[in-house]
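Lettering follows sequence order; numbering is per chain, from 1. If you're wondering where the values come from, they're calculated on a predicted model, not measured in any experiment.
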Protein chains: 2
Amino acid sequence: MAKIDDVARLAKVSKGTVSNVFSQKRRTSKEVTERVLSVSRQLNYVPNHIARSLVTKKTMAIGLTIPHGNFFFSAFHNQFINGVILEASYYGYRVLLDMIPAQKVRTPFLSSYPIDGAVVMSPTTEDERINLMHMENIPFVTVGRVMNENIDSSPSVDNDNQTIIYNICKYLIDKGHQNMMFLNANELMTVAIDRNEGFIRAMEDHHIQVEEHMIQHKPAILSTEYMDYGYDETIQILGKLNKKVTAIIADDDRTAFSVMNAIKDLDLRVPEDVSIFVICGDLSMMVQSNPSLTSMDLQPSELGAQSVRLLMHKLGVLQGDFPEKIIVESKIVERNSCTELVPPHSI
Amino acid sequence: MAKIDDVARLAKVSKGTVSNVFSQKRRTSKEVTERVLSVSRQLNYVPNHIARSLVTKKTMAIGLTIPHGNFFFSAFHNQFINGVILEASYYGYRVLLDMIPAQKVRTPFLSSYPIDGAVVMSPTTEDERINLMHMENIPFVTVGRVMNENIDSSPSVDNDNQTIIYNICKYLIDKGHQNMMFLNANELMTVAIDRNEGFIRAMEDHHIQVEEHMIQHKPAILSTEYMDYGYDETIQILGKLNKKVTAIIADDDRTAFSVMNAIKDLDLRVPEDVSIFVICGDLSMMVQSNPSLTSMDLQPSELGAQSVRLLMHKLGVLQGDFPEKIIVESKIVERNSCTELVPPHSI
DNA sequence: TTGTATGCGTTATCAA
DNA sequence: TTGATAACGCATACAA
């Protein structure tokens, strides 16, 4: 591999000049520029990224910290990641996928993170990844609210989760539903906490008693029940316990599908007997399922892009003031899985 | 940030010793080790990854080169990526997500890739990413067959795509199907080429004439038709052209869902009128759709893990001989979307 | 088992 | 506009 000295020698300039031709940090005459570029092509020279990083103290990479454990990407994560990569590449940044829990790093591999900053997805309460970032002084942005004891505030991008659930409930209540089941995300995730508050507030505002069966939480990602979350809950609550649930709010498309299967197995129909509302689902899956599923568009790709932009501000790549919190818009997309509730006596 | 000199001074040892405590490349006495570690903790010292990389010439990161353009991850990609990350982290490697096309890198950002090797997903014919890797002398492994003019051979992991389609066809033919439609991947992908050969061979072996409508290709990822590939094709071939197709082989779950919608819109039923076989689909989606979809289990996560292992061999991290090609097993998972064809006259 | 000195390939500072 | 040289923070050969 050719080095900067080789180019400098052949182009009869100093290495400082060669450096400048590539970094464009100060002007070089057209003549010299072309000579250097020509020699570089000839020697197949490209600046060494590592050496550059050592002195500039910039790696031009950001970390994307995804929930660890035996994790699984959903369509939501997908789209989100797409947004992150696209936006990062716009600023010349690469994306390092990160999932190694702090404790598990073996000593021989221990070293600083070769990233300039990080985007932390789906924080939990007392999220250890966030503590790690904080300790190592790595600038970070979260997608979702931070709830760590020692960390007062940090830039974040989020949907307005409380309002989202509130509006979903209102949407269903307006259709006559009074008895709903909310299949929330895992209880450790801060988003689940916010959503619960929204749910409870909606019920209170509409004078509906919140019963225990109404709020469920996704099992831990490691558990065997994780994959078909929604099935057992539906069978149990609607079947065995015979709670007269008429509407189910599902965390994601996978959950919704599980629910639909359970409903079929209970000899019930969607939406005639039970309405289903999906919070974050893959657009194409929503449209193509049968019946098509009414859902919330959370704009995951926009969440990703905005989180990167926020991080770029923190890193000084983007100038000017920037907000500490960015709320990404979301809106209900009506399809065919939610229907007006027909009171029993009117049949 | 504390540096190695700071630790050396406070621990009253040389920096060489401090270095060895962390890299564990040569023994250090227990006494010294503990003193160094203690001081390091005190100063919050961690070796600088960049500086280390500069001298060792190892970045401890591998690139994951995903198809670029306005790309979109499917469940298959998801699982694959999971496999890659998990396996890479096992060897202490991080994963850099890569999608920047070679030409688009602007001069100010131009530099060598800070990776030790790369995994290239879903190669196309004359894949420019592979040419780039080859030119820059970056060790790489492909997931899928390479079909580049100038590149003779390179390590790769793959399913046996020809045989897979052959077996799917045989499976359907054994059920009495003679007129199938194959919704293949994009025609530029090498996997699509291999599959076509398998399809044609199966037809020939069973004395079935291959008609034009039988093989379709997914539109380019940038096109608007990309997202509901399968719908128009089904409406067109089964509806307007009234070809008597009784079985459809779909590239992925998204495609399968589109097909199911089209079939419904044509007032036909799955599997009574048309059988559907999915090649790569998300397990949970397959199970939870209605009817559940018969599919091929390609073990995407295993593909990911094996590709990393192969790369580790190329990088010398893993010792011993290693094969140039690894074929990951796949098998048919029967569910409820394919049925025995009942000849019309027997009704 | 530990210390010393050199080099990794670049950018940045200061002169010219 | 360009050149010379000192960092950047670490690993490693060699010496002790």
Side-chain angles (χ1 to χ4, degrees), chain A residues 1-37 39-40 43-60 92 107-116 136-137, chain B residues 1-37 39-40 43-60 92 107-116 136-137:
Chain A
M1 209 79 260
K3 322 190 286 187
I4 201 169
D5 306 76
D6 303 330
V7 177
R9 204 174 327 111
L10 244 89
K12 297 188 202 309
V13 291
S14 74
K15 36 195 248 182
T17 303
V18 176
S19 172
N20 286 315
V21 168
F22 281 95
S23 71
Q24 300 186 355
K25 298 237 171 162
R26 64 183 195 192
R27 275 198 53 76
T28 45
S29 72
K30 196 169 180 184
E31 197 186 11
V32 168
T33 305
E34 279 174 7
R35 202 162 71 235
V36 168
L37 250 30
V39 170
S40 300
L43 297 182
N44 203 17
Y45 168 78
V46 208
N48 181 307
H49 185 266
I50 306 295
R52 176 183 283 175
S53 287
L54 184 58
V55 37
T56 60
K57 299 193 178 314
K58 291 198 174 308
T59 63
M60 298 307 281
T107 312
F109 294 133
L110 184 64
S111 73
S112 63
Y113 274 37
I115 53 174
D116 297 337
E136 302 227 352
N137 261 319
Chain B
M1 208 79 260
K3 321 190 288 186
I4 200 170
D5 306 76
D6 303 330
V7 176
R9 203 174 326 110
L10 245 90
K12 295 189 203 308
V13 293
S14 73
K15 35 194 250 183
T17 302
V18 176
S19 172
N20 285 318
V21 167
F22 281 95
S23 71
Q24 300 186 353
K25 298 237 171 164
R26 64 182 195 191
R27 277 198 53 73
T28 45
S29 72
K30 196 168 181 184
E31 194 186 11
V32 169
T33 304
E34 278 173 8
R35 201 162 71 237
V36 168
L37 250 29
V39 171
S40 300
L43 296 182
N44 202 16
Y45 169 79
V46 207
N48 181 307
H49 184 265
I50 306 294
R52 177 183 280 176
S53 288
L54 186 57
V55 36
T56 60
K57 300 194 179 312
K58 292 198 174 308
T59 63
M60 297 308 281
T107 312
F109 294 134
L110 184 64
S111 74
S112 63
Y113 275 37
I115 52 174
D116 297 338
E136 302 227 351
N137 262 321

Seminar exercise, completed: Those residues at least two apart in sequence (or on a different chain) that pass side-chain hydrogen bond (donor to acceptor under 3.5 Å, both in side chains) with A:T28 are A:T33
Exercise. Which part of the nucleic acid, if any, lies within contact of B:S53, taking any heavy atom under 4.0 Å across all strands shown: a base, the sugar-phosphate backbone alone, or nothing?
Worked result: nothing
For this session: Look at the side chain of B:S29 and decide which nucleotide, out of C:dT2, D:dT1, C:dG9, has an atom nearest to it.
Result: C:dT2
For this session: Sorted by first residue and then second, give each salt bridge (charged side-chain N to carboxylate O under 4.0 Å, His left out) pair with at least one member in residues 14-26 of chain A; sequence neighbours left out.
Result: A:D5-A:K15
Problem set entry | Whole-Å distance separating the CG atom of A:L54 from the C1' atom of D:dA11 | 13 Å
Exercise. Which heavy atom in A:S14 sits nearest to a heavy atom in A:A8, and how many Å separate them?
Worked result: C-CB, 3.8 Å
For this session: Just compare C:dA12, D:dT2, D:dT12 and give me whichever is closest to any side-chain atom of B:T56.
Result: D:dT12
Problem set entry | Test side-chain hydrogen bond (donor to acceptor under 3.5 Å, both in side chains) applied to B:N44 - qualifying residues, sequence neighbours left out | none
Problem set entry | Student check: side-chain heavy atoms of B:Y45 and B:I4 closer than 4.5 Å | yes
For this session: Could you check A:R9 against A:D6 for salt bridge (Lys or Arg N to Asp or Glu O under 4.0 Å), going step by step and ending with a plain yes or no?
Result: CA-CA 5 Å; A:R9 204 174 327 111; A:D6 303 330; 3.2 Å; yes
What pairs of nitrogen or oxygen atoms, one from the protein and one from nucleotides 3-7 of chain C, lie under 3.5 Å apart?
residue, atom, partner, partner atom, Å
C:dG3, OP2, B:S14, N, 2.8
C:dG3, OP2, B:S14, OG, 3.3
C:dG3, OP2, B:T17, OG1, 2.7
C:dG3, O6, B:R26, NH1, 3.2
C:dG3, O6, B:R26, NH2, 2.9

For this session: Measure the angle between the two terminal helix axes of the helix from C:dT1-D:dA16 to C:dA16-D:dT1, five base pairs each, and quote it to 10°.
Result: 30°
For this session: Return the 5'-most residue of the pair A:T33, B:V18 with respect to DNA chain D, ranking by each residue's nearest nucleotide.
Result: A:T33
Exercise. A:V7 near the nucleic acid: base, sugar-phosphate alone, or nothing, with a heavy-atom cut-off under 4.0 Å?
Worked result: nothing
For this session: Report the residues that fulfil side-chain contact (heavy atoms from CB on, under 4.5 Å) with A:I50, sequence neighbours left out, ordered by chain and then residue number.
Result: A:N48, B:I50, B:S53, B:L54, B:T59, B:P114
Exercise. Are OP1 or OP2 of C:dG9 and a side-chain N or O of B:K57 less than 4.0 angstrom apart?
Worked result: yes
